[in-house]
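Since the structure comes first, as C-alpha cells, the remarks are kept for the end.
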Number of protein chains: 2
Amino acid sequence: MVKSSSAARRRGVRADVPVTKEAIVEAAFRLIDERGLEGFSMRSLAAELGVFPATLYWHVGDRGALLGLVEYEWIKQVRMPDPDTDWRTWALEVARGYRAHAFRHPNIARLATLERPQNTGSLRLPDALIGKLVELGFDDDLVDAFNALMGAIRGFVIVELAPRPESIGPDEIEAEIRGLDATEYPNIAANVDRLADRALSLRWSNPTDRPLDDSFDFLVNVLLDGLEARRRA
Amino acid sequence: MVKSSSAARRRGVRADVPVTKEAIVEAAFRLIDERGLEGFSMRSLAAELGVFPATLYWHVGDRGALLGLVEYEWIKQVRMPDPDTDWRTWALEVARGYRAHAFRHPNIARLATLERPQNTGSLRLPDALIGKLVELGFDDDLVDAFNALMGAIRGFVIVELAPRPESIGPDEIEAEIRGLDATEYPNIAANVDRLADRALSLRWSNPTDRPLDDSFDFLVNVLLDGLEARRRA
DNA sequence: ACCTGAACACCGTTCAAGT
DNA sequence: ACCTGAACACCGTTCAAGT
C-alpha cells in the first residue's frame with residue numbers, strides 16, 4: 001500500500017508494462033504452477049501484475065474463465081508424436097508424452113483434468129487417437145475403445161498426482177502404513193515391502209518424487225494388447 | 001440474524017440438539033452432496049446446524065480435516081462383493097460397485113479421489129484386491145498390476161464425473177462440437193454421430209445423465225483379460 | 001478502451017470470554 | 001467441556017468514475 005509501489009498508479013493511468021490477456025494468462029499459469037491452485041487468487045495475481053483486481057475482469061472475465069485459459073495453454077503444449085510411426089509405438093508415445101507433460105506442471109494438469117475443457121481447441125489428441133482406432137478397425141465399439149484408453153490414461157495420471165494431505169506429515173503416514181493391523185489388512189501387511197510408498201493409497205512421498213513409471217507403462221501396454229486382440233477377433 | 005432464530009443462543013449455552021462430531025460430518029456430507037464442494041463453507045454448515053463457526057473447529061478441526069472425515073465416510077460405504085466368488089466376477093463387481101457408489105454421490109466421490117485419504121481406515125478395497133492378485137500369482141509385478149487396475153478404475157470414474165464448465169451452456173457446447181472444423185479435426189468430424197455426447201472431451205450433458213457404462217465395462221474387461229494373460233505366460 | 005478506487009457479500013480461522 | 005461473539009486477514013466480483 002505504499003504510494004511509490006508500482007501498484008499505485010493514478011486513476012485511469014495505464015500500466016507501464018501493458019496488461020494484455022496473454023500476460024495475465026501467463027502469469028496465472030506461473031502462479032498456479034509454483035504455488036498450487038490453493039495459493040492462487042485473483043487478488044494475488046493482480047498484485048503480481050501491479051494492477052487492480054478489476055482490471056483482470058476486464059481482460060479475461062472471471063476466475064473460472066481465466067482457469068479455463070490456463071488449462072487450454074497447458075493442453076496445447078502436449079507434444080504429439082510423429083503420426084507416421086506404427087500404431088503401437090505411436091499410442092505408447094502419446095500416453096507417455098501426456099503424462100510427462102503432466103509431471104512438468106502437476107498443479108495445472110490436475111486443474112485441467114478436473115474440470116472439462118471449456119474450449120474445443122484442445123482436441124488434437126482425441127482426434128488423432130480416434131483416427132488411429134478407426135484405422136485399427138473399430139467402428140461400433142469406437143467410443144468404448146476411445147473412452148477406455150483416454151479415461152484410463154488421464155485418470156491414472158490424476159490419481160497418481162493426487163497430493164498428500166497437508167495436515168499430516170509423511171513420517172506419520174509412513175508409520176501408520178508400516179504399522180497397519182495385520183488381522184484387519186492381512187494382504188497389505190504381508191506385502192508391505194513391495195507396496196510401501198509405491199502402491200496407490202499406500203504412498204507417503206510427493207507424487208513427483210516417486211513417479212509410478214513402471215505401473216503406467218504396464219497399464220498402457222495391457223490396454224494396447226487388449227485393443228489389438230479385440231480387433232483380431 | 002433474528003434473535004428468535006435457533007442460531008441465537010446466549011453465551012455458553014448448549015445447543016438444544018447436541019452438536020456432535022458425527023452430526024457435523026453427516027451434515028457436511030449432505031451439504032456437499034447436494035450443493036457441491038463450491039456451495040459448501042464452514043460458515044454455511046455452522047448456520048445449518050444453528051451454531052457459530054468456531055464450534056465446528058472445536059469438534060472436528062479445520063476445513064481440511066472435516067473434508068477428510070466426509071471422504072472417509074464415503075469410502076466406508078463402498079460395498080465389497082462376496083470374497084468367495086471367482087476372481088473374475090469378484091473384480092468386475094468391485095469395480096462396478098465402486099463406480100456405482102461414486103454415481104450415488106458424485107460430488108463427494110470427486111473430492112475423495114482428488115486428495116489422498118488422510119486415514120488408513122479406507123484400505124479394505126486395496127487389501128482385498130491385493131489378496132486376489134497374489135492368489136493369481138503376481139509377486140514382483142504385484143505393485144504394477146495393482147496400480148494399473150486401481151489407477152484406471154478410480155481414474156476413469158473421476159474423469160467421467162468431471163462436471164461441465166459452468167460458464168458455458170450445454171447447447172453451446174453441442175453446437176461447437178457438431179460444428180468442428182473438418183480439416184482441423186477430420187477424425188472427430190467423420191465419426192461425430194458415434195462420438196457426440198458419449199466420448200470423453202466430446203460430451204455436453206451432465207455426467208450422471210449420460211453414464212458411460214459400456215465404456216467402463218469395456219475398460220475393466222480389457223484389464224482383467226490382460227492381467228490373466230500375463231499370469232498364464 | 002482501459003484502469004482505478006471503493007464497496008459488497010462473502011470466506012477460514014483464532015481467541016478471549018462466557019457458562 | 002463446550003460454545004459465543006468478535007475480530008483478523010483474506011476472498012471474488014461489480015460498478016461508477018476517471019483518463
Side-chain angles (χ1 to χ4, degrees), chain A residues 1-25 27-28 31-32 35-70 111 115 165-167, chain B residues 1-25 27-28 31-32 35-70 111 115 165-167:
Chain A
M1 299 302 172
V2 192
K3 266 275 167 190
S4 64
S5 131
S6 73
R9 267 182 267 104
R10 285 199 328 287
R11 291 200 143 214
V13 171
R14 253 158 244 191
D16 3 323
V17 178
V19 184
T20 64
K21 187 172 176 174
E22 291 73 31
I24 293 173
V25 173
L31 273 184
I32 299 174
R35 305 179 203 173
L37 191 58
E38 306 74 31
F40 168 82
S41 74
M42 297 298 275
R43 292 182 107 110
S44 63
L45 172 58
E48 180 93 353
L49 292 167
V51 106
F52 278 70
T55 306
L56 304 178
Y57 289 80
W58 197 91
H59 285 284
V60 298
D62 65 9
R63 186 185 147 100
L66 175 53
L67 294 184
L69 292 170
V70 169
L111 166 68
E115 305 198 350
E166 296 174 10
S167 45
Chain B
M1 300 301 172
V2 192
K3 268 277 166 189
S4 65
S5 129
S6 73
R9 265 180 268 106
R10 286 200 328 287
R11 291 199 143 215
V13 171
R14 252 159 245 187
D16 2 324
V17 178
V19 184
T20 64
K21 186 172 176 176
E22 291 72 33
I24 292 173
V25 173
L31 273 184
I32 299 174
R35 307 181 201 172
L37 191 57
E38 305 75 31
F40 167 82
S41 73
M42 297 298 275
R43 291 182 109 107
S44 62
L45 172 59
E48 181 93 353
L49 292 168
V51 108
F52 278 71
T55 306
L56 305 179
Y57 289 80
W58 196 91
H59 284 284
V60 298
D62 65 9
R63 185 185 149 99
L66 175 53
L67 293 184
L69 292 171
V70 169
L111 166 69
E115 305 199 349
E166 296 174 10
S167 44

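Each chain gets a letter, A, B and so on, in the order its sequence line appears, and its residues count up from 1. Owing to the predicted nature of the structure, the values given are computational and were not obtained by experimental measurement.
Atom pair D62(B):CG and dC15(C):P shows a separation of 13 Å (rounding to whole Å applied). The distance between atom OH of Y57(B) and atom P of dT14(C), rounded to the nearest whole Å, is 7 Å. Rounded to a whole Å, the NZ atom of K21(B) is 12 Å from the P atom of dC2(D). In this structure, the CG atom of L56(B) is 13 Å from the P atom of dT14(C), given to the nearest Å. Separating the CZ atom of F52(A) from the P atom of dC11(D) is a distance of 15 Å, rounded to the nearest angstrom. What separates CG of L49(A) from C1' of dT4(C) is a distance of 15 Å, to the nearest Å.
Once rounded to the nearest 0.5 Å, the distance linking CG of L66(B) with CZ of F40(B) reads 4.5 Å. Annotation: the span from I24(A) atom CD1 to E22(A) atom CD amounts to 9.0 Å, rounded to 0.5 Å.
Closest heavy-atom contact between G39(A) and S44(A): O-OG, 4.2 Å. Here the closest heavy-atom approach between residue A27(A) and residue L49(A) is recorded as CB-CD2, 3.9 Å. Between V25(B) and V70(B), the shortest heavy-atom contact is O-CG2, 4.1 Å. For I32(A) against L37(A), the heavy-atom pair with the smallest separation is CG2-N, 4.0 Å.
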N/O donor to acceptor pairs below 3.5 angstrom from side-chain atoms of residues 50-59 of chain A, sequence neighbours left out:
residue	atom	partner	partner atom	Å
T55(A)	OG1	F52(A)	O	3.1
H59(A)	NE2	V19(A)	O	3.0

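Between dA1(D), dC3(C), dT13(D), one nucleotide has an atom nearer to the side chain of W58(A) than all others, and that is dC3(C). Distance from the side chain of A54(A) is smallest for dC15(D) among the nucleotides dG12(C), dC15(D), dC15(C).
Look at the P atom in both dA9(C) and dA9(D): the space between them is 22 Å, to the nearest Å.
The list of salt bridge (charged side-chain N to carboxylate O under 4.0 Å, His left out) pairs with a residue in residues 58-70 of chain B, not counting sequence neighbours, is empty.
Listed by residue number, S41(B), M42(B), R43(B) are the residues of residues 35-44 of chain B with a heavy-atom contact under 4.0 Å to DNA chain C.
Judged as a side chain to side chain contact (heavy atoms under 4.5 Å, CB included), and not counting sequence neighbours, the contacts of E48(A) are R30(A), L31(A), R35(A).
In terms of phosphate contacts, H59(B) brings no side-chain nitrogen or oxygen within less than 4.0 Å of OP1 or OP2 of dA1(D).
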Base-pair map of DNA chain C as dot-bracket, where | denotes pairing with a different strand and pairs are Watson-Crick or G-U under 3.5 Å: ||.|||||...|||||.||
